[in-house]
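Bear in mind that the values here come from a model prediction, so they are computed numbers and not experimental data.
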Amino acid sequence: MLCAAVHFFSVPPHLSPARQITGRLIDHSRTLAASGPYFAHPPAAALDRLYLDLARWVGSDGCHALFTRALAEARTKHPILDTIELHPRSTPYLDGVAESVEQHGARETDDALEVMLLIVVEVLGRLIGDEMATILIERGLPESVDDADRERRKAEA
């Protein structure tokens with residue numbers, strides 16, 4: 001699992017591309033904390049936002065299939081996700097977050113949803129390649145995230 005204390009733009013470069021993107025998605029969701037149904041749960045907000053962003057590029061059905069696969073895989077590691085349901089073409093896309101928090105606690109629910117988010121990114125990377133997955137996902141992040149990442153890559157080279 002990713003460190004919950006990661007700060008915006010500070011995802012360590014030694015992490016896998018999927019973990020780096022997952023960290024950036026969650027960090028971005030923290031910056032949007034005042035809005036949306038999952039304001040207290042950045043991984044849920046990141047999943048919801050990623051679904052909306054990716055559905056524009058790969059279609060609602062393909063995106064829902066990707067998230068369904070990730071949820072099934074994440075449930076094998078975190079059975080508390082049994083309360084989570086996905087509702088294609090709906091806002092919010094995730095349902096059952098509040099119930100999971102009530103039953104299992106906020107931290108456990110957020111950790112499990114973070115694993116699901118990581119799996120979404122990993123599966124997408126396996127399907128279309130890490131580089132293309134990164135490009136698609138980063139389209140939904142603010143421009144400053146792309147700029148900061150570009151600068152980090154230049155410094156590493």
To the nearest 0.5 Å, how far apart are [atom1] in [X] and [atom2] in [Y]?
X      : Y      : atom1 : atom2 : value
Leu47  : Ile26  : CG    : CD1   : 8.0 Å
Gln103 : Thr83  : CD    : OG1   : 5.5 Å
Glu122 : Glu73  : CD    : CD    : 7.5 Å
Asp130 : Ser16  : CG    : OG    : 8.0 Å
Leu127 : Met132 : CG    : CE    : 13.0 Å
Arg19  : Ile21  : CZ    : CD1   : 12.5 Å

For [X] and [Y], which heavy atoms make the closest approach, and how far apart are they?
X      : Y      : value
Leu113 : Ala44  : CD1-CB, 3.7 Å
Leu124 : Leu66  : N-CD1, 3.9 Å
Ser100 : Ile84  : CB-CD1, 4.5 Å
Thr91  : Leu52  : OG1-CD2, 4.3 Å
Ala70  : Met116 : CB-O, 3.9 Å
Leu54  : Ile137 : CD2-CG1, 4.4 Å

Cluster overlap Ile80 with Leu94, hydrophobic side-chain contacts below 4.5 Å =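 As far as the 4.5 Å side-chain criterion goes, Leu94 and Ile80 are not connected within one cluster.
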Treating Ile, Leu, Val, Met, Phe, Trp and Tyr as nodes and any side-chain heavy-atom pair under 4.5 angstrom as an edge, say whether Leu50 and Ile135 lie in one connected cluster.
->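 In one cluster: no.
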Trace of the side chain to side chain contact (heavy atoms under 4.5 Å, CB included) decision for Ile119 with Val115 = CA-CA 6 Å; Ile119 293 170; Val115 168; 3.8 Å; yes
Taking Asp110 for the side chain and Pro43 for the main chain, is one N or O donor matched with an acceptor at less than 3.5 Å?
->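 Here the side-chain-to-backbone pair does not exist.
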Salt bridge (charged side-chain N to carboxylate O under 4.0 Å, His left out) with Arg75: which residues, sequence neighbours excluded?
->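 Arg75 satisfies salt bridge (charged side-chain N to carboxylate O under 4.0 Å, His left out) with Asp82 once adjacent residues are dropped.
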Residues which pass salt bridge (charged side-chain N to carboxylate O under 4.0 Å, His left out) with Arg56, listed by chain and number, not counting sequence neighbours =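 Salt bridge (charged side-chain N to carboxylate O under 4.0 Å, His left out) check on Arg56 returns Asp53.
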Could you walk me through whether His28 and Leu25 pass the side chain to side chain contact (heavy atoms under 4.5 Å, CB included) check?
-> CA-CA 5 Å; His28 177 62; Leu25 289 168; 5.8 Å; no
For Val101 and His41, what are the C-alpha separation, side-chain angles and deciding distance, and is it a side chain to side chain contact (heavy atoms under 4.5 Å, CB included)?
-> CA-CA 10 Å; Val101 169; His41 306 287; 3.4 Å; yes
Give a yes or no on whether a salt bridge exists between Arg30 and Asp27, defined as a side-chain N under 4.0 angstrom from a carboxylate O.
->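 Counted as a salt bridge, because a side-chain N and a carboxylate O are separated by less than 4.0 Å.
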May I ask you to decide if the ring planes of Tyr51 and Phe67 are parallel, tilted or perpendicular, using 30° and 60° as cut-offs?
->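 Perpendicular.
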